[in-house]
Protein chains: 2
Amino acid sequence: MPSANEQAALSRLFALFSNPTRLNLLVALRSAFRSEQPELCVCDLEAITGASQSLVSHQLGALREAGLVTSRRAGRLVYYRMTAAAIATLLDDALLAVRREAA
Amino acid sequence: MPSANEQAALSRLFALFSNPTRLNLLVALRSAFRSEQPELCVCDLEAITGASQSLVSHQLGALREAGLVTSRRAGRLVYYRMTAAAIATLLDDALLAVRREAA
DNA sequence: GCAATACATGAGCAATCCTTCATATGATGG
DNA sequence: CCATCATATGAAGGATTGCTCATGTATTGC
């Protein structure tokens, strides 16, 4: 029985996950997070998702504002990474749930 | 690395979870699902969530259409229940993730 | 300094969503 | 049957969202 605040936080989190572009970014950052190269630059994310530079930047901004990712500038490049392992595992759990349903 | 289909299914699922009213319904149905009384009628859900009859019915319709809940009529009442344990556990996982972040 | 590269940001439009109001359907009791 | 209760559904308006286009800012190489 989550509190009202927790439910509000949950729905905000789910709203961030519900956009295909953002989800795509999160999925990419999740797998980076698990490798020896835990961050990706905007141009990488652009290539991976196939979305426009502006769109990627906008959605990364949303994720950053929500605290799900952080950014670090290195020269002209800006590298993003997931802030929390909890988010990465949540994505895994959700994927498992979807696969269970599909089966 | 989820497939494109899986990602689409994921984002649809998250979209359903992102609305506070629907999330509230799901949370209520989740705890019912775990008790000896796994279903709740619309009027119960109305009382629990505090939302209007029409709104509750609309959102239950959305959840039903997505296959997350099923309904059963008993006289004038209609009882709803979660279809999948996977969804219940996903809600638990998400709540844990949010609590981890808040801490 | 200037051009070019990488990224961020703001405005704006189309589309979707959320909720309400009104009304319809289904079931029961008298 | 008729009134009533429980739920479903449709239309409609306002708000929110998603994306694009245009432009701004930061950094580097020359």
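Scope of the values below: all heavy atoms of this structure, side chains included, with no hydrogens, waters or symmetry mates. Letters go in sequence order (proteins before strands), and every chain restarts at 1.
In this model, the phosphate group of C/dC17 is not approached by any side-chain N or O of B/Q59 to a distance below 4.0 Å at OP1 or OP2. Taking side-chain N and O atoms only, B/R22 has no distance below 4.0 Å to OP1 or OP2 of C/dC17.
In the hydrophobic clustering of this structure, A/L95 groups with A/I48; members are Ile, Leu, Val, Met, Phe, Trp, Tyr whose side-chain heavy atoms approach within less than 4.5 Å, directly or through other members.
By the 30° and 60° cut-offs, the orientation of the rings of B/F14 relative to A/F14 is parallel.
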Review item, nucleotides 2-5 of chain C N/O atoms under 3.5 Å of protein N/O:
from	atom 1	to	atom 2	distance (Å)
C/dT5	O4'	A/R76	NH1	2.9

Margin query: For a quick check, with a 4.0 angstrom heavy-atom cut-off, what is the B/S/- contact string for nucleotides 10-15 of chain D, read 5' to 3'?
Written below: B-----
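Taking OG1 of B/T83 as the start and CD of A/E101 as the end, the distance is 6.0 Å to the nearest 0.5 Å. Note that the CG atom of B/N24 and the OG1 atom of B/T49 stand 5.5 Å from one another [nearest 0.5 Å]. Summarising the geometry, atom OG belonging to A/S3 is positioned 9.0 Å from atom CG belonging to A/L10; distances are rounded to the nearest 0.5 Å.
Listed nucleotides C/dC7, D/dA8, D/dT20 differ in distance to B/Y80; the shortest reach to its side chain belongs to D/dA8. Proximity note for A/S57 (side chain, C-beta onward) versus C/dT9, D/dG18, D/dT7: the nearest is C/dT9. With distances taken from any side-chain atom of A/S52 to the nucleotides D/dT20, C/dT19, C/dC7, the minimum falls on D/dT20.
The separation between B/E65 atom CD and C/dC17 atom P is 11 Å, rounded to whole Å.
For the pair A/R64 and B/A74, both in contact range of DNA chain C, the more 5′-proximal nearest nucleotide belongs to A/R64.
If you check distances only, the side chain of B/Q53 never reaches the base of D/dA6 with a donor-acceptor pair under 3.5 Å.
Only at 4.0 angstrom or more do the heavy atoms of residues 9-19 of chain B sit from any atom of DNA chain D, so none qualifies.
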